[in-house]
Number of protein chains: 2
Amino acid sequence: MAVSMHDVARAAGVSVRTVSNVVNNFAYVRPETRRRVLEAMEELGYVPNAAARSLRRSRTGLIALVVPDFRARIFADLAGPVVREAEALGHRVLIEVTDSDRERELQVLMGGRNQLTDGAIMMALSLRPEDGRRRRPGYPLVLMGDHVLEGDIHHVAIPNREASLAVVRHLVSTGRRRLMLLGHGPHGSETASMRLRGFLDGLAEAGLPADEALMVAADWSRARGRQAIEEHIDSGRPLPDAIFAMNDSLAFGALRALREHGVLVPQEVALVGFDDVEEARYSTPSLTSVSPDLEAMAAHAVAMLHEQIIGKPSGREPHITVDFHLRVRESSQ
Amino acid sequence: MAVSMHDVARAAGVSVRTVSNVVNNFAYVRPETRRRVLEAMEELGYVPNAAARSLRRSRTGLIALVVPDFRARIFADLAGPVVREAEALGHRVLIEVTDSDRERELQVLMGGRNQLTDGAIMMALSLRPEDGRRRRPGYPLVLMGDHVLEGDIHHVAIPNREASLAVVRHLVSTGRRRLMLLGHGPHGSETASMRLRGFLDGLAEAGLPADEALMVAADWSRARGRQAIEEHIDSGRPLPDAIFAMNDSLAFGALRALREHGVLVPQEVALVGFDDVEEARYSTPSLTSVSPDLEAMAAHAVAMLHEQIIGKPSGREPHITVDFHLRVRESSQ
DNA sequence: CTGAAAGCGCTAACAA
DNA sequence: TTGTTAGCGCTTTCAG
C-alpha cells in the first residue's frame, strides 16, 4: 500500500486531522506544525489519494469534454481554452470522443456509465431535440454548438446564421451576383441548416434569386469539396462568381478543383470558408473565412458548468451565442 | 446521496455481495437472481460510484496522455488511436497538456500531484536525460518521441534519422545536388538533431558537401519557414535546388515564400516536409512528406503501459522505433 | 450460489 | 489549534 495520511501523521507526531489541514491549505495550523508535516510528507513521498478524496467529498474534480472527433480543428481550438479555464476553476478535464455516435452522446446525457465526472461539456452532433428529456436530472451539463435540446439545457452557440449572412453581404458588396452554397444537405446538422438560413436571408436581402442548382450537397471534407466542384464543372453548367463553402475544408477542396481547371480565384470566382483554420492564412490564395470566437465559447461553457456543479444559481442567461469576425483575404477580393 | 449498492440489494431482496457480482459480471449468480438485480438497478437508476471502486481496487482505471500542445497535428493523430487502444484494454484516458513546460513534465515523471492515474504516456519535449532519475519508482510510464532518459524507461520512437536519410536519397535520386535543411537549430530537440543526423548521413552517402549556409535555423512554424526563405532570397544568396523542411508547417511557410518570389516548385526547387499532415495532399503543389506510422506508435505505447500496470513482465523490448513511409508528391518530382 | 463484515484513504463534525 | 472518529460506496475474504 502507498503512504497514507496516517503514516504522515505518525511521522510528524500529529493527528490526521492536522495533516489534512495542511494538505488542503486550511487555516489554523501553527507554522511550526505545518513545517513538520510538510517535512514528513516529503520524506515519506506522500501523495494524496484522489479516489479516497472523491469518495469522501462526493466530487471527483473531473469534468468531461465530449467531442465528436479529435481531428476536427474546432476540437483542437476549443480543447485548449476549455482545459485552461477549467483548471482555473479547480477542475480537471477528461476528454471523450463520440465519433458522432448517438448512443455515446446519449450515454453522456444520461450521466455516463459511472460517476466519474462532476459534469460535462458536450458538442453533440447526433442528438435529436426530444433526447433532451432523457437527460439525467442533476447531472451538470452544457451543450456547445447548435444542438438545442428540449428541456432547459445550458447552451453556447456559434453564430452560424449571422455569420453566413455577413458572408453573403460581403460577397454582394464586392459585386458578386451568382453565389454558390457548398456543403448544404448531407451533413444535415443544425449547423448546416443555420448556415443555409443565413445564406438565404442574405440573398433575399440583396434581392438575388435562390438558385437550387447553386446549392450543392457535400460532406464537409476536402475530398468532397473538390469532387463537388469538379462535377459541377464537368457537367458544363456555368460557374458561379462566388462560392461560400460551409467550412474551410470544403473550401480548400473546391480551391484545388478550380485550380486544376484553370479557374482563377478570386478573379473569376470568389471563395469564402467557415472556421478560419490556420491554413486559411497560408493557402494560395489565402482564404477569406469566418472566425468564431472560440475562446469565448470555451470560457462561457466552463463558467456555466462550474456554476451548475457548485450549485450556484447565477442569473446568467442559459443560451449564449458568441461573437465572430469575417477575415477577408485574397480569395474574395 | 446517490443510489448505492445497498439500495439495490434491498430492493432486489439480495445482499450487496450479489449486486456486486452482477455489476462486475461475475459467475455464480442464478439467472433469475441476476434478472431481479438488473431490474432493481434499472428502476432505481443505479450508477456505480467510480471513486469507491477505485479506492477499493487501488486502481482508477485512468491513464494520462501527456502532450505538449493540443493543436499539434501529431497530438491530434496520436490521441485518437491511443484512446481507442486504451479503451480496448479497459482504461480511460485523461489528456494533459504541458505546453512543453519542464516543471509540468517533471511532475508527470514523478507520478503527478495526486494518484489520479494508473500510469502515463508522455511526449516529453523539455526533459533532460538526467531527469530520468527523478522518476517515481513504480509509476508506470511510457515515453513517446525522441526523448531518451536515463534509467530503463519504456519508449516508442519516431524514425527520425532513417526517414531523413530516405528523404535525402529520394532528392538525390531525382538529380538534386544542393540540398537545404530547414528547421535546424533553435528547436534544439532530440527530434531535430536526429533529423539533422539523417540529413548529414545522406549527404555523406551521396558524396555531397555539407554546406553550413544551407542549414537554416527556424522554429517549426509556418511563419518562420516563410521568413527564413524570404531572408535567404533577399540576401541574394543562390537558392538550393531542394529544401528538406523538418516539418510540414515549415514547408508550407517556405512554399508561400517561394511562390511570392516567383520560384517554381518543383521545377527550380524541390520541397519535402515531415509529418504528412492532411494538408500536404491538398496544397499547391501537393507536398512530398514523411509519414510516420502513428497508429503503430499509439498501439505500442498503450500495450507497454498496460503491461506495466497489470504488472506482467513481458519479454517485450523496451525501446521501439516505428515504421514510416515517404509520400512522394508533386513538390519533389 | 449468497450473506456478513472488514476496511481502502480521506474529510469534517464534534470535542477538547 | 488539534485530536477522535464516523462514514463515503465498493470489493472481497470468510462463512455458510
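Below, chains carry the letters A, B, ... as their sequence lines are ordered, and counting in each starts from 1.
Here the P atom of nucleotide dA13(C) and the CZ atom of R57(A) are 13 Å apart, to the nearest Å. Distance N25(A) CG to dA12(C) C1': 17 Å, rounded to the nearest Å. In this structure, CG of D7(B) is placed 13 Å from C1' of dC10(D), rounded to the nearest angstrom. Whole-Å rounding puts the M5(B) CE to dA4(C) C1' distance at 15 Å. Here dC10(C) presents its P atom at 10 Å from CE of M41(A), a figure rounded to the nearest Å. One can place CG of L116(B) at 15 Å from C1' of dG9(C), the figure rounded to the nearest angstrom. We find that CZ of R59(B) is positioned 15 Å from P of dG9(C), with the value rounded to whole Å. Summarising the geometry, the separation between CZ on R56(A) and P on dC10(C) is reported as 13 Å, rounded to the nearest angstrom.
Closest approach to the N21(B) side chain among dA12(C), dT2(C), dT11(D) is made by dT2(C) (side chain taken as heavy atoms from C-beta onward). Comparing atom distances between the S4(B) side chain and each of dG3(D), dG9(D), dT2(C) picks out dG9(D) as nearest. Closest to the side chain of H6(A), from the set dC8(C), dC10(C), dT11(C), is dC10(C). Listed candidates were dT12(D), dT11(D), dG9(C). Nearest to the side chain of L55(A) is dG9(C). The side chain of V16(B) sits closest to dA5(C) out of dT1(D), dC8(D), dA5(C).
Using a 4.0 Å cut-off between a side-chain N of Lys or Arg and a carboxylate O of Asp or Glu, R128(A) and E130(A) qualify as a salt bridge. The pair R102(B)-E105(B) fails the salt-bridge criterion, with no side-chain N (NZ, NE, NH1 or NH2) lying under 4.0 Å from an Asp/Glu carboxylate O. We find that E39(B) and R36(B) are not joined by a salt bridge, their nearest charged nitrogen and carboxylate oxygen being 4.0 Å or further apart.
Residues satisfying the salt bridge (Lys or Arg N to Asp or Glu O under 4.0 Å) criterion with R57(A), sequence neighbours excluded, are absent altogether. By the ring pair (Phe, Tyr, Trp, His ring centres under 6.0 Å) test, H6(A) is found to be paired with no residue, residues two or more places apart in sequence or in another chain being considered.
Side chains of V23(A) and V8(A) form no contact here, defined as non-hydrogen atoms less than 4.5 Å apart. Side-chain contact between T98(A) and V67(A) is absent, with no heavy atoms from C-beta onward closer than 4.5 Å.
For the pairing with E32(B), the salt bridge (charged side-chain N to carboxylate O under 4.0 Å, His left out) check across R35(B), R30(B), R34(B) returns one residue only, R35(B).
Residues from residues 43-53 of chain B with heavy atoms under 4.0 angstrom of DNA chain D, sorted by number: Y46(B), P48(B), N49(B), A52(B), R53(B).
Axis deviation across the helix from dC1(C)-dG16(D) to dA16(C)-dT1(D) amounts to 30°, comparing end segments of five pairs, rounded to 10 degrees.
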N160(A) and T191(A): CA distance, side-chain angles, deciding distance, side chain to side chain donor-acceptor pair (under 3.5 Å) verdict
CA-CA 7 Å; N160(A) 288 303; T191(A) 307; 4.5 Å; no
Derivation of the side chain to side chain donor-acceptor pair (under 3.5 Å) call for S4(A) and Y46(A):
CA-CA 7 Å; S4(A) 84; Y46(A) 169 74; over 6 Å; no
Run the side-chain donor-acceptor check on residues 83-95 of chain A: report pairs under 3.5 Å with partners two or more places apart or on a different chain.
unit_1	atom_1	unit_2	atom_2	d
H91(A)	NE2	H306(A)	ND1	2.8
R92(A)	NH2	E96(B)	OE1	3.2
R92(A)	NH2	E96(B)	OE2	2.9

What N/O pairs connect the protein and nucleotides 14-16 of chain C at under 3.5 Å? Give each pair on its own line.
unit_1	atom_1	unit_2	atom_2	d
dC14(C)	N4	R17(A)	NH1	3.4

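The environment of E42(A) atom CD is sparse: at most 12 non-hydrogen atoms of other residues, nucleotides or ligands sit within 6.0 angstrom.
Using a 4.0 Å heavy-atom distance criterion, V14(B) is classed as a sugar-phosphate-only contact. Among the protein residues, T33(B) comes within range of the sugar-phosphate backbone only, with heavy atoms under 4.0 Å from sugar or phosphate atoms but none that close to a base. S20(B) comes within 4.0 angstrom of a nucleotide base, judged by non-hydrogen atoms across all strands.
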